[in-house]
Amino acid sequence: MQNKETKQEQLSFHTENFRKRSRYTFVFVCMIAAFFVITVLNINTGNVHISVPKILRILFLHDGEAVEYSIIWKIRLPRILMAALLGGALSLSGFLLQTFFSNPIAGPFVLGISSGAKMVVALVMVFLMGQAVKITSWALIAAAFVGAMISMGFVLLMSRRVHNMSMLVVSGVMIGYICSAITELVVTFASDAEIVNLHNWSRGSFSGMTWENVAVMTGVVAVTFFLVFLMAKPLSAYQLGEVYARNLGVDIRLLRIAMVLLSSILSACIVAFAGPISFVGIAAPHLVKSLLGTAKPIWMIPACFLGGSVFCLFCDLLARTMFAPTELSISTVTAIFGAPVVLWIMVRRNKEKMA
């Protein structure tokens, strides 16, 4: 009798495990398919329409008209790859911050981390342009990282004094406003040429990306993603509580430092190249978690990156084409789709507390 019950439990476990894995596989296949479809649409659509057969010939045979060849290889492909890399990095940064603070609406933009990065980058851009010094990709990343760490430091100090997560988010928003005010002050005393560059960058955009930017970002994001993926098991234990994680031998202090540094690096990369982009870091991880039906880091880490890439590519497509030839700020489009997700999260959490 006991053997029969044991076999039934094992069968039930295997059936449930198969069902979950089937769901994960289906979600990943759908996101990969969406990624390729949106990528083709991004290459295909614009002021100059290029048919799919021509795109394939230019990409794989390097054969085609000079103008169309230049548009694809020098303008659209670098932009698409940067949107995918930065979107994935922003989503992954949001997932790390939500895990760190155990708060579903924690993200680089909400906590003021993006604003801090923006502030220091603006200071560096004004100073270096004023000295006629060429600004490199690494200089922008370093400046954005310093700014992100300054804001993160203030948020961590507030987290020690404020135990209410709602107040922590409010504190992050206030830090963001202070950093934005300092940035505006910097812009006020900048020259006209500097103001134009700062304004275009601060609006948030993937335009003007180069293959040099893609190479730098690929290296930084690939290393960071690998390190985050190695943290999957400790993060899984951390989600179940610090006491549980300590009992499993997880060094909580080291894990928290790694989460802060890696999320700041990812946030810094986005701000350095595309400017501050709102709501992706909150919306993408939650949409992915709802699709997967799990918060396990081993699945969420790659899914968040892929989901963030698809989300940003879709928003960038709309930003370019919705009112063409006028291009919208990428933050405008991400806010339109991301803000309702945040409101939905807050309403759902309030219902769960009331229940």
Side-chain angles (χ1 to χ4, degrees), residues 82-101 103 105-125 137-156 158-159 168-169 171-173 175-180 183 201-206 213 216-225 227-228 231 256-285 301 304-305 307-309 311-312 330-331 334-335 338 342:
M82 285 296 280
L85 285 167
L86 295 175
L90 190 52
S91 177
L92 193 55
S93 176
F95 172 70
L96 287 174
L97 290 172
Q98 287 163 20
T99 304
F100 182 89
F101 290 107
N103 190 326
I105 60 171
F109 188 81
V110 172
L111 293 177
I113 296 167
S114 294
S115 298
K118 174 185 172 184
M119 176 186 71
V120 176
V121 170
L123 287 167
V124 170
M125 286 175 73
S137 299
W138 293 109
L140 287 176
I141 292 176
F145 178 71
V146 170
M149 289 303 297
I150 291 170
S151 292
M152 179 63 93
F154 279 110
V155 172
L156 291 174
M158 291 301 298
S159 68
L168 180 63
V169 171
S171 302
V173 171
I175 290 166
Y177 275 121
I178 292 167
C179 292
S180 295
T183 305
W201 165 78
S202 65
R203 288 174 66 243
S205 175
F206 294 119
N213 298 148
V216 172
M217 269 304 301
T218 301
V220 175
V221 172
V223 171
T224 310
F225 177 86
L227 293 174
V228 173
M231 292 162 53
R256 289 169 73 91
I257 290 170
M259 289 164 70
V260 168
L261 288 175
L262 293 174
S263 63
S264 297
I265 289 170
L266 292 169
S267 302
C269 289
I270 291 108
V271 175
F273 290 107
I277 299 174
S278 59
F279 293 105
V280 178
I282 305 174
I301 290 168
C304 274
F305 192 89
S309 297
F311 188 84
C312 272
I330 186 67
S331 282
T334 56
V342 176

Does the side chain of [Y] come within less than 4.5 Å of [X]'s, by heavy atoms?
X      : Y      : answer
Met149 : Val260 : yes
Pro108 : Leu90  : yes
Ile277 : Phe206 : yes
Val228 : Met259 : no
Ser263 : Phe95  : no
Cys269 : Met217 : yes
Leu261 : Phe145 : yes
Ile270 : Ser114 : no

Does the [X] side chain pair with the main chain of [Y], one donor and one acceptor, at a distance under 3.5 Å?
X     : Y      : answer
Gln98 : Gly281 : yes
Ser91 : Gly88  : no
Ser93 : Ala89  : no

Atom of [X], atom of [Y] and distance for their closest heavy-atom approach:
X      : Y      : answer
Thr183 : Ala122 : CG2-CB, 3.8 Å
Cys312 : Ile330 : O-CD1, 4.3 Å
Cys179 : Ser115 : CB-O, 3.5 Å
Ala283 : Gly338 : CB-CA, 3.9 Å
Ser151 : Gly116 : OG-CA, 3.1 Å

* Asked: Is the CZ atom of Phe225 crowded by more than 12 outside heavy atoms at less than 6.0 Å?
  -> yes

* Enter the distance from Ser267:OG to Leu96:CG here, rounded to the nearest 0.5 Å. => 9.0 Å

* To do: Mind checking the CG-CD1 spacing from Leu262 to Ile257? Nearest 0.5 Å is all I need.
  => 11.5 Å

* Could you check Met119 against Ile178 for side chain to side chain contact (heavy atoms under 4.5 Å, CB included), going step by step and ending with a plain yes or no? => CA-CA 10 Å; Met119 176 186 71; Ile178 292 167; over 6 Å; no

* **The single option from Leu92, Ile113, Leu266 passing side-chain contact (heavy atoms from CB on, under 4.5 Å) against Leu97** =>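 Of the listed residues Leu92, Ile113, Leu266, the side-chain contact (heavy atoms from CB on, under 4.5 Å) partner of Leu97 is Ile113.
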
